[in-house]
Visitor: 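Before I ask anything, here is the structure I am working with.
Predicted model only: the values in this text are computed from it and were never measured. Naming convention: chains lettered A, B, ... in sequence-line order (proteins, then strands); numbering from 1 in each chain.
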Number of protein chains: 2
Amino acid sequence: MTYQEDRNLEKEISQAVIRRMPRYYRYLGDLIDAGIERISSNDLSSRMNVTASQIRQDLNNFGGFGQQGYGYNVQYLYDEIGKILGVNEKHNIIIVGAGNLGQALANYVKFEKFGFVTIALFDVDTKLKGQKVRNIEIHMLEELEDFVKNNTVDIAALTMPKAKAEAIASQLVELGVRAIWNFAHVDLKMENKNVVVENVHLSDSLMQLSYNIAKNRQE
Amino acid sequence: MTYQEDRNLEKEISQAVIRRMPRYYRYLGDLIDAGIERISSNDLSSRMNVTASQIRQDLNNFGGFGQQGYGYNVQYLYDEIGKILGVNEKHNIIIVGAGNLGQALANYVKFEKFGFVTIALFDVDTKLKGQKVRNIEIHMLEELEDFVKNNTVDIAALTMPKAKAEAIASQLVELGVRAIWNFAHVDLKMENKNVVVENVHLSDSLMQLSYNIAKNRQE
DNA sequence: TCTGCTTTGTACCCCATAGATACGATTATA
DNA sequence: TATAATCGTATCTATGGGGTACAAAGCAGA
């Protein structure tokens, strides 16, 4: 059996599970802050409003982190989930589009706590040239290619209008960027299977809220 | 049969379907911009990368919008989905937390195209007092209660640090706000069943991306 | 050490949802 | 008018989320 075949046999962990992991991570962080050292799946389940069963099954996708009769050590579990999510490794981010949203992301200090460090912003607006956001320089878009070639860029956050998003995404992938955090109002379908994309559609979220407002009013 | 019993018999439309509707809406908007007047479920399915069957079934949850042998009229379907999502009604938004993210949301002109109008921002920072973001005034947090009592507030966007989020959410609900768009890094569990909450956790999304980067590298 | 309690890891089951297939009904189009 | 296109809808299958149950393992107190 080849390595690839072997890997194919491994049970793929569904994105539904992955989506829940940051939430566990967040609650465990809060528990640490509260000075709590151990927790049972049952206790955690009532705090998080999910079932204890689901917690145990989710965690078991990655290995047995608990002990019968004891529960989970909060700090240990926090660290392990951190490793799973890659939160301990440093990730360099560039932000393309230095408008309000781009600058807001650059200012979000909390991301750095998790190893996500913004190293540059880019924009076409010459008025922004050379300006800094929290010591992070805003470059002109022409400099993008050189910058990516000469620096390690793990993630590119796209916060420019949708008209330009696809072209820039392609350019970035061409230059070797392997992760796109897309805020533009399009679905980026990357041909290259080695590229991962995470879309954040704020309008979609707002519309879902709007639907639920109307539904709620009706009931 | 009472009205309530009758309503209970209606098949509840799952949130999975609702989540897809804004995406249909977005593609239809693009089709309108491209001057395309009619479209078949088959054609749309290849553009959106979902099955034609799912499109027809999703739309049929809300009624028959198409015509056999013709397909769907793009403008009509766009308008109908808009109605379903409540995008044609005006929604007044207040933003609590006038930091970078709050100001970024206030600057997002596109939301107004869908009827979501930001009417005020609030913050505790006295330096911001009286400043305006795109003609929208930043108020002090003390003024929140009066403002909500004297204005129609459909949605409150929370963009302040998590420490204050729960208290302010409770206050807003107390004052009659029925929809919370939460960007703070906590899960808001509202006691009041008449309140709808939509959480946007950017960190969670970033961590999911991070996991997929690591997974992708491994394969 | 022994006993009873706690709690995990895991097997098994059910149900919702995605998605395929199929087809009658209806409309467009040549 | 005949043929092709296409919706609305019923039915079926596969997948996965999530609940229930319980044996195994460790903890804690006597």
Visitor: Within the supplied structure, the quantity of interest is the number of heavy atoms (other residues, nucleotides, ligands) at a distance under 6.0 Å from B:K164 NZ; does it exceed 12?
Guide: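 Counting other residues, nucleotides and ligands, NZ of B:K164 stays at 12 neighbours or fewer.
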Visitor: Which heavy atom of A:A165 sits nearest to which heavy atom of A:M160, and what is that distance?
Guide: CA-SD, 3.8 Å
Visitor: Show the distances under 3.5 angstrom between N or O atoms of the protein and N or O atoms of nucleotides 24-27 of chain C.
Guide:
residue: C:dT27; atom: O4'; partner: B:Q68; partner atom: O; Å: 3.1

Visitor: Using 30° and 60° as the class limits, which term best fits the ring planes of B:F65 and B:Y76: parallel, tilted or perpendicular?
Guide: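 B:F65 vs B:Y76 ring planes: perpendicular.
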Visitor: Do B:R38 and B:Y72 form a cation-pi contact, if we require the NZ or CZ to be under 6.0 Å from the six-membered ring centre and within 45 degrees of the ring's axis?
Guide: no
Visitor: Of all nucleotides in DNA chain D with an atom under 4.0 Å from a non-hydrogen atom of chain A, which is the first and which the last going 5' to 3'?
Guide: D:dG17 to D:dA28
Visitor: Under a 4.0 Å N-O cut-off, is there an ion pair linking B:R26 with A:D187?
Guide: yes
Visitor: Quick check: are there more than 12 heavy atoms from other residues, nucleotides or ligands sitting under 6.0 Å from CD of A:E37?
Guide: no
Visitor: Going by number, which of residues 74-85 of chain B have a non-hydrogen atom under 4.0 Å from DNA chain D?
Guide: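 Those residues: none at all.
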Visitor: Is A:R19 salt-bridged to B:D204, going by a charged N under 4.0 Å from an acidic O?
Guide: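 Looking at B:D204 together with A:R19, the answer is no, because their closest N to O distance does not fall below 4.0 Å.
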Visitor: Could you state the CD-P distance from A:Q15 to C:dT17, rounded to the nearest angstrom?
Guide: 20 Å
Visitor: Going by heavy atoms in the side chains, are B:M207 and B:Y211 under 4.5 Å from each other?
Guide: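 No, every pair of side-chain atoms sits at 4.5 Å or beyond.
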Visitor: How about CD on B:E174, more than 12 heavy atoms from neighbouring residues, nucleotides or ligands closer than 6.0 Å, or not?
Guide: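 No, the 6.0 Å shell around CD holds no more than 12 heavy atoms from other groups.
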Visitor: Specify the residues of residues 29-58 of chain A, ordered by number, for which at least one heavy atom lies under 4.0 angstrom from an atom of DNA chain C.
Guide: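 Those residues are A:S40, A:S41, A:R56, A:Q57.
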Visitor: Do any side-chain atoms of residues 110-121 of chain A form donor-acceptor pairs under 3.5 angstrom with protein atoms, and if so which ones, sequence neighbours left out?
Guide:
residue: A:E112; atom: OE2; partner: A:R134; partner atom: NH1; Å: 3.3
residue: A:E112; atom: OE2; partner: A:R134; partner atom: NH2; Å: 3.2

Visitor: If you look at every strand shown and take non-hydrogen atoms under 4.0 Å, does B:R20 touch a base, only sugar-phosphate, or nothing?
Guide: sugar-phosphate
Visitor: Can you sort out the partners of A:Y27 under ring pair (Phe, Tyr, Trp, His ring centres under 6.0 Å), two or more places apart, ordered by chain and number?
Guide: none
Visitor: Can B:R47 and B:D30 be counted as an ion pair, charged N to O under 4.0 angstrom?
Guide: no
Visitor: So does A:K83 pair up with A:D79, basic N to acidic O under 4.0 Å?
Guide: no
